[in-house]
Amino acid sequence: HYLSARGFGVTLYDALPQLGGMMTSGIPDYRLPNDALARDIEYALSPGVDVRTGVMLGRDVYLEDLRRDYDAVFLAMGAHSSYALGIPGDDLPGVYGGVEFLREVNLGQRSEAGRRVAVVGGGNAAVDAARTALRLGAEEVTILYRRLREDMPAEPAEIKAAEEEGVRIEFLTGPVEAVGDGKVEWLRCVRMQLGDFDKSGRRRPVPEKGSEYDLPVDMVISAIGQCVDGFTSEICADGKITADPETLATPLEGVFAGGDAVTGPATVIDAIGAGKRAAEVISGYLLTGSISRPLPRQKRASVIMPVEDEVPEAPRLEPDELDATLRAGNFREVVLSYTREAAMAEAARCLKCHAQSE
């Protein structure tokens, strides 16, 4: 969007049949409705972008070809491959990656889940997979997380919503083996105790001797992390692409990278920010032949606004949510839009805060 708006010719390659990346294939409709996403995508492409879908890097097109045919290349393919559980039996039929499971559902390639589903992980992808399995008819869905609730990377609101819908969360629990005859039937688990702090700043989970137990399952979903899918290069290591955190330049001349492919799984706004920053750097590179760090954000001078009347404090208005009893078996949006009156009241509250924020 930003490069095209500046007058550069841009070609967008996407491995999936439709645009949107993880927003389309990984975030369920109950959180991000497809029609709203489609409007944003249409706007982003409005300056005029040559779009080519169903083209995968490393299969249909290669980096050396792109470097030859284009003046600059931006790699922003996300992290669409799940890490395996790394336990015996994790290759049994019925054991899936979280990203792959969500992609099949979002693209209409899967319409059901097992009756008893175990999801391993504590991030938003794990919670999304669990809530999606419920919507596909699963009767028992259990999230296994090896630390405590406060350590879960998932948004607290998402965790709360999952529990309201019937997802059970087993804390201080981890899988040690997937067992089954021809397909997964049991997940052998172990209770954890928290030991010393690790490099993440959290206490390291340590298996508790003699605490193993078997959890009956029809499906196991691994949501313990994601990496770049199907791309091999000297600039890619440990499932991530190496790029300067400020300029997003890779060690290869004219090649830049950003988003989840560089940082690992993060937020949508982080990825959008990387795209905007890349456009600024690539624009300078194409015009001058050199790579400059993005300009720091301009600081505006403070203006003290006199407030003659006392401005009453007003709490934030939380939007209504679809009742948990109405969410089963469908992907209706959970967090509902404000009513017109509530939107006006919320906007007025924010504007009044701004009047005296300085």
Side-chain angles (χ1 to χ4, degrees), residues 13-16 19-28 55-63 66 73-92 95-107 109 119-130 132 143-147 151-154 174-175 178 198-200 202 220-245 248-252 255-275 278:
Y13 292 93
D14 197 313
L16 294 174
L19 296 176
M22 194 62 73
M23 294 182 292
T24 298
S25 66
I27 301 179
V55 181
M56 178 179 285
L57 185 63
R59 183 192 67 189
D60 307 305
V61 66
Y62 296 90
L63 185 56
L66 297 178
V73 178
F74 181 50
L75 303 175
M77 67 278 283
H80 286 261
S81 184
S82 300
Y83 285 119
L85 291 174
I87 59 175
D90 66 358
D91 57 348
L92 280 171
V95 180
Y96 298 89
V99 174
E100 291 77 6
F101 170 75
L102 290 170
R103 181 164 62 238
E104 288 183 5
V105 175
N106 284 7
L107 298 184
Q109 300 166 354
V119 181
V120 183
N124 284 326
V127 176
D128 282 346
T132 295
I143 292 177
L144 306 178
Y145 183 59
R146 59 183 186 159
R147 290 187 169 97
D151 297 315
M152 290 183 73
D198 60 18
K199 62 182 181 180
S200 73
R202 299 175 295 177
V220 176
I221 299 175
S222 171
I224 58 175
Q226 298 155 225
C227 60
V228 175
D229 181 24
F231 174 64
T232 56
S233 169
E234 65 267 34
I235 62 173
C236 189
D238 300 324
K240 296 180 183 178
I241 298 175
T242 301
D244 184 283
L248 304 183
T250 73
L252 295 178
V255 179
F256 303 80
D260 289 3
V262 173
T263 63
T267 67
V268 170
I269 201 65
D270 283 328
I272 292 173

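Keep in mind that the numbers below use all heavy atoms, side chains included, and drop hydrogens, waters and symmetry copies.
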K.L.:
Please determine whether a side-chain nitrogen of the Lys or Arg among R59 and D229 lies less than 4.0 Å from a carboxylate oxygen of the Asp or Glu.
P.N.:
no
K.L.:
Nearest heavy-atom pair of V95 and A178: which atoms, and what distance?
P.N.:
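Reported closest heavy-atom pair: CG2-CB, 4.5 Å.
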K.L.:
Quick check: does any side chain N or O of R147 sit under 3.5 Å from a backbone N or O of M152, one acting as donor and the other as acceptor?
P.N.:
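It does not hold such a pair.
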K.L.:
So which atom in I235 and which in V255 form the shortest heavy-atom distance, rounded to 0.1 Å?
P.N.:
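So the minimum-distance heavy-atom pair works out to CD1-CG1, 4.3 Å.
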K.L.:
Looking at M22 and V99, what are the two nearest heavy atoms and their distance?
P.N.:
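The answer is CE-CG1, 4.0 Å.
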K.L.:
Atom CG in L102, atom OH in Y96: separation rounded to 0.5 Å?
P.N.:
13.5 Å
K.L.:
I'd like to know if the side chain of Y145 and the backbone of G123 have a donor-acceptor N/O pair within less than 3.5 Å.
P.N.:
no
K.L.:
Could you give me the CA-CA distance, side-chain angles and deciding distance for V228 and H80, then say whether side chain to side chain contact (heavy atoms under 4.5 Å, CB included) is met?
P.N.:
CA-CA 6 Å; V228 175; H80 286 261; over 6 Å; no
K.L.:
Look up atom OG in S222 and atom OH in Y83, then write down how far apart they are to the nearest 0.5 Å.
P.N.:
11.0 Å
K.L.:
Just by distance, do the side chain of S82 and the backbone of A223 share a donor-acceptor pair under 3.5 Å?
P.N.:
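Not a single qualifying donor-acceptor pair exists.
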K.L.:
Do S81 and Q226 get their side chains close enough for a donor-acceptor pair, meaning under 3.5 Å?
P.N.:
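Checked: S81/Q226 side chains show no N/O donor-acceptor pair below 3.5 Å.
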K.L.:
L85 vs V220, test: side chain to side chain contact (heavy atoms under 4.5 Å, CB included). Steps then yes/no.
P.N.:
CA-CA 10 Å; L85 291 174; V220 176; 3.9 Å; yes
K.L.:
Measure the spacing between CE of M23 and CG of N106 and express it to the nearest 0.5 Å.
P.N.:
12.0 Å
K.L.:
Looking at L248 and A243, what are the two nearest heavy atoms and their distance?
P.N.:
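So the two residues come closest at O-CB, 3.7 Å.
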K.L.:
Do you know which two heavy atoms are closest between L16 and G21, and how far apart they sit?
P.N.:
CD1-O, 4.3 Å
K.L.:
Shortest non-hydrogen contact from I143 to A126?
P.N.:
CD1-O, 4.3 Å
K.L.:
Is the backbone N or O of C236 less than 3.5 Å from a side-chain atom of S233, with the two atoms forming a donor-acceptor pair by type?
P.N.:
no
K.L.:
Mind running side chain to side chain contact (heavy atoms under 4.5 Å, CB included) on V262 and K240 for me, showing each step along the way?
P.N.:
CA-CA 5 Å; V262 173; K240 296 180 183 178; over 6 Å; no
K.L.:
Check the pair L66, Y13 against side chain to side chain contact (heavy atoms under 4.5 Å, CB included), reporting the backbone distance first and the verdict last.
P.N.:
CA-CA 11 Å; L66 297 178; Y13 292 93; 3.8 Å; yes
K.L.:
So, do I241 and F231 sit near enough that their side-chain heavy atoms are less than 4.5 Å apart?
P.N.:
yes
K.L.:
Answer yes or no: does atom CG of D198 have more than 12 heavy-atom neighbours from other residues, nucleotides or ligands under 6.0 Å?
P.N.:
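Enclosed: over 12 neighbouring heavy atoms sit under 6.0 Å from CG of D198.
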K.L.:
Could you measure the distance from the CG atom of D90 to the CD1 atom of I87? Nearest 0.5 Å is fine.
P.N.:
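One finds 6.0 Å between CG of D90 and CD1 of I87.
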K.L.:
Test your reading of the model: is there a side-chain donor-acceptor pair from D260 to the backbone of A266, 3.5 Å cut-off?
P.N.:
yes
K.L.:
Is there a side-chain contact between E234 and T242, using heavy atoms and a 4.5 Å cut-off?
P.N.:
no
K.L.:
Working to the nearest 0.5 Å, report the span between CG of L107 and OG of S25.
P.N.:
6.0 Å
K.L.:
Measuring from I27:CD1 to N124:CG, what's the distance to the nearest 0.5 Å?
P.N.:
8.5 Å
